[in-house]
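See structure below.
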Amino acid sequence: MLNDTTIHDQSVIEKESGNSFRVAAIQMASGPSVSANLEEAMRLIEDAAAQNAKLVVLPEYFCILGMRDTDKLDVMERPGDGQIQSFLSETARRLGIWLVGGSVPLESPDPGKIYNSCLVYADDGQQVARYDKIHLFGLKLRGEQYAEEKTIYAGDKVVTFDSPFGRIGLSICYDLRFPELYRMMENIDIILAPSAFTAITGKAHWEFLVRARAIENLAYIIAPAQGGYHVNGRETNGDSMIVDPWGGIMGRLPRGAGVVVATLDPVYQASLRASLPALEHRSLHNY
């Protein structure tokens, strides 16, 4: 049985493991210009790649946070075609990394709404996974109001996929408040949670939600976020972080644009799951 000292001293295990790898969470304060946002994203992605990150994850709305909620409808793309998707594919291939577009506005069955879609590209530039955000954010608090259902068409499929880094589960922002989503992801090693939490809700709940999802799934979580003041007057929480399966914060960035890089180690994760086999102890049939 591992004691607390062994569990938290991941660096010891990393030195012994030959299959650890570097990942990055990118934090932005995106604005209404897609081209300007992609230019900034490129700078940060290249920074992450220079630090030897092999899996790089952009935040929700990395490509646009418009002056109005409807602005994203003007730049929505058809699946497989468009400036934003080309940027992601070409950048992944050029840098030889796996690249995740936290959310991209894609066409939906309703012409007045988009799918808010997390897109994953392999290091050869091929798209290997797509997740359409299921849970749509709504808030009326302290003068702030959000109603994503007015402009976003909800997805209806839980998405996981196999990668060189292990089995990955996809989610976006508000999904973090719904642990049942992650319970439906069988045997995931890494959870991605690109986000744009508001300053109000983020200050209250962001860290707790991210760490809880890591702990209960014994999974690594990469949680890149929007962080700062935006041209449209919105303030987002930031605090992008990478969290280990024990709930420990491996790296974080409180505010502003930047990159959080950490080393993930499957050997360390396996040792935790062997010592605390909570995932094997689930008895959902009793509920």
Side-chain angles (χ1 to χ4, degrees), residues 8 10 22-31 37 40-41 43-45 47-48 51 53 55-65 99-103 116 118 133 135-139 141-144 146 148 168-179 181-182 190-217 219-264:
H8 287 289
Q10 184 174 351
R22 301 271 278 175
V23 303
I26 289 180
Q27 184 159 290
M28 299 177 65
S30 299
N37 293 329
E40 174 72 349
R43 180 183 70 83
L44 295 168
I45 294 166
D47 184 3
Q51 297 183 60
L55 172 62
V56 179
V57 190
L58 291 158
E60 184 183 26
Y61 298 127
F62 77 95
C63 55
I64 185 168
L65 261 175
L99 181 59
V100 182
S103 72
N116 198 29
C118 181
K133 187 176 184 180
H135 300 100
L136 304 183
F137 180 53
L139 176 73
L141 182 66
R142 299 181 196 171
E144 290 195 63
Y146 300 95
E148 286 190 330
I168 296 177
L170 299 180
S171 62
I172 300 175
C173 199
Y174 195 46
D175 285 330
L176 282 167
R177 293 186 181 273
F178 302 89
L181 170 66
Y182 304 93
I190 302 171
I191 292 171
L192 306 185
S195 300
F197 259 63
T198 70
I200 292 175
T201 60
K203 182 179 180 180
H205 302 141
W206 167 253
E207 179 180 329
F208 301 108
L209 290 169
V210 174
R211 297 179 74 182
R213 299 296 83 83
I215 292 166
E216 65 197 14
N217 293 285
Y220 285 102
I221 292 193
I222 305 173
Q226 294 284 342
Y229 292 98
H230 303 264
V231 177
N232 62 9
R234 180 173 176 178
E235 181 185 2
T236 47
N237 180 69
D239 204 16
S240 295
M241 61 179 68
I242 299 172
V243 176
D244 73 21
W246 199 246
I249 298 174
M250 305 175 71
R252 71 196 309 172
L253 178 62
R255 299 280 286 186
V259 179
V260 181
V261 177
T263 300
L264 276 54

Are [X] and [Y] close enough that some pair of their side-chain heavy atoms sits under 4.5 Å apart?
| X | Y | value |
| --- | --- | --- |
| Y182 | I191 | yes |
| R234 | Q226 | no |
| D239 | L253 | no |
| Y61 | M28 | no |
| N116 | I172 | yes |
| L192 | I168 | yes |
| Q27 | V259 | no |
| L264 | I242 | yes |

*Is it true that the side chains of Y146 and E144 contain a donor and an acceptor less than 3.5 Å apart?*
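There is such a pair (donor and acceptor under 3.5 Å, judged by atom type) between the side chains of Y146 and E144.
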
_Looking at R211 and E216, is there a salt bridge between them, counting it only when a charged N and a carboxylate O are closer than 4.0 Å?_
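No, E216 and R211 are not salt-bridged.
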
*Take H135 and Y174, measure what ring-ring contact (aromatic ring centres under 6.0 Å, His included) needs, and give me the verdict at the end.*
CA-CA 6 Å; H135 300 100; Y174 195 46; 7.0 Å; no

Please report, to 0.1 Å, the donor-acceptor pairs under 3.5 Å made by any side chain of residues 193-200, with sequence neighbours excluded.
| from | atom 1 | to | atom 2 | distance (Å) |
| --- | --- | --- | --- | --- |
| S195 | OG | A193 | O | 2.9 |
| T198 | OG1 | T201 | N | 3.1 |
| T198 | OG1 | T201 | OG1 | 2.7 |

So, for [X] and [Y], which heavy atoms are closest and what is the spacing to 0.1 Å?
| X | Y | result |
| --- | --- | --- |
| I221 | V210 | CD1-O, 3.3 Å |
| T236 | G227 | OG1-N, 3.3 Å |
| D244 | A214 | O-CB, 3.6 Å |
| R22 | Q51 | NE-O, 3.3 Å |
| A223 | A25 | C-CB, 4.4 Å |
| R213 | N217 | O-ND2, 2.8 Å |

Main-chain N/O of [Y] paired to [X] side chain as donor or acceptor, under 3.5 Å:
| X | Y | result |
| --- | --- | --- |
| D47 | R43 | no |
| S240 | P224 | no |
| S30 | N37 | no |

_ring pair (Phe, Tyr, Trp, His ring centres under 6.0 Å) involving H230 - partner list, sequence neighbours excluded_ =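 None.
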
*Would L58 and V100 satisfy side-chain contact (heavy atoms from CB on, under 4.5 Å), going step by step from the backbone distance to the final call?*
CA-CA 6 Å; L58 291 158; V100 182; over 6 Å; no

*Given side-chain contact (heavy atoms from CB on, under 4.5 Å), test E207 with I249 step by step and report yes or no.*
CA-CA 9 Å; E207 179 180 329; I249 298 174; 3.8 Å; yes

*Verify side-chain contact (heavy atoms from CB on, under 4.5 Å) between M241 and W206, making sure each step is shown before the conclusion.*
CA-CA 10 Å; M241 61 179 68; W206 167 253; 3.7 Å; yes

*Can R255 be said to sit on top of Y229's aromatic six-ring, NZ or CZ under 6.0 Å from centre and within 45° of the ring axis?*
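Judged by the rule, R255 and Y229 form a cation-pi pair.
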
_Walk me through whether K133 and C173 qualify under side-chain contact (heavy atoms from CB on, under 4.5 Å)._
CA-CA 9 Å; K133 187 176 184 180; C173 199; 4.0 Å; yes

